[in-house]
Amino acid sequence: TQLLEQSPQFLSIQEGENLTVYCNSSSVFSSLQWYRQEPGEGPVLLVTVVTGGEVKKLKRLTFQFGDARKDSSLHITAAQPGDTGLYLCAGTLIQGAQKLVFGQGTRLTINP
Amino acid sequence: DTGVSQNPRHKITKRGQNVTFRCDPISEHNRLYWYRQTLGQGPEFLTYFQNEAQLEKSRLLSDRFSAERPKGSFSTLEIQRTEQGDSAMYLCASSPVQGITEAFFGQGTRLTVV
């Protein structure tokens, strides 16, 4: 079973549209991170959220951590072709080992 | 360059051969992680170290896989008697012990077993 479930797994939209990607779990996390990965490269850290209810903005990207620290969302406004990539959420459980676990990813394609 | 470095970037090997990958983490980071990623999927946790101590190893990991971090700096991941199902991207990441766990990844080693 996947500890972090991402949805949708695939998303293809037109340039200029808005989109939201979700990352859900039944477990509580001490922090959640969002990464973006290009083909053939390692994931690159975009943001970390730590406090329940926290909202962080990175240009056109808005990240939110759920109040109960079990879920997170990534919202992209006015998507551009350069946003195309694999978006991964990852987190560290509040109890237990300090390993970082990943969701299965959302493959995003922005069409010109 | 002070990022995470992985070598080699690509490795093609015949089934049954042994392979070894190396990871050099960011120098001040005490934690080092190994992940495996197949096409279109998220990284799957393999093992992690804090300094030279291996703190956790995935139960899904075959006995053919072994990792070391002898001096708490670089790490190696060895796969013995490779199988075609081992073909994947092997990712290494490092993070500091203090504070929240933010992992910084290398570019990965792409393994193809033929």
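First the proteins, then the strands, lettered A, B, ... as listed; each starts at 1.
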Using non-hydrogen atoms and a 4.5 Å limit, figure out which bit of B/Glu44 sits close to chain A: side chain, backbone, both or neither.
neither
Are A/Leu45 and A/Leu86 grouped together when hydrophobic residues (ILVMFWY) are joined by side-chain heavy atoms under 4.5 angstrom apart?
yes
Are the side chains of B/Tyr48 and A/Leu100 in contact, using a 4.5 Å heavy-atom criterion?
no
Contacting region of A/Gln33 [heavy-atom separation from chain B under 4.5 Å]:
side chain
Can you tell me if B/Glu68 has over 12 outside heavy atoms packed within less than 6.0 Å of its CD?
no
Check for me, please, whether A/Leu19 and A/Phe63 land in the same ILVMFWY cluster - side-chain distances under 4.5 Å, paths through other members count.
yes
Are there over 12 heavy-atom neighbours, none belonging to B/Arg9, within less than 6.0 Å of that residue's CZ?
yes
Using a cut-off of under 4.5 Å on heavy-atom pairs, state which of A/Gly42, A/Gly105, A/Pro43 scores highest against chain B.
A/Pro43
Quick check, are the ring centers of B/Tyr35 and A/Tyr35 under 6.0 angstrom apart?
no
For the atom pair NZ (A/Lys99) and NZ (B/Lys57), what is the distance rounded to the nearest 0.5 Å?
13.5 Å
Go through the atoms of A/Ser30 and report whether side chain, backbone, both or neither lie under 4.5 Å from a heavy atom of chain B.
neither
Do B/Leu91 and A/Gln37 come close enough that some side-chain heavy atom pair is under 4.5 Å?
yes
Pairs of heavy atoms under 4.5 Å with chain B: top-ranked of A/Thr48, A/Leu4, A/Leu88:
A/Thr48
Treating Ile, Leu, Val, Met, Phe, Trp and Tyr as nodes and any side-chain heavy-atom pair under 4.5 angstrom as an edge, say whether B/Tyr33 and B/Phe74 lie in one connected cluster.
no
Only pairs of heavy atoms separated by less than 4.5 Å count here; which of B/His10, B/Gln37, B/Gln6, B/Met89 has the most with chain A?
B/Gln37
Taking atom NZ of A/Lys56 as the centre, report whether more than 12 heavy atoms of other residues, nucleotides or ligands fall under 6.0 Å from it.
yes
Take a 6.0 Å sphere around CD1 of B/Ile12 and say whether it holds more than 12 heavy atoms from other residues, nucleotides or ligands.
no
Interatomic distance, A/Arg107 atom CZ to B/Leu39 atom CG [nearest 0.5 angstrom]:
7.0 Å
Identify whether A/Phe102 and A/Tyr22 are in the same connected component of the hydrophobic contact network (ILVMFWY, side-chain heavy atoms under 4.5 Å).
no
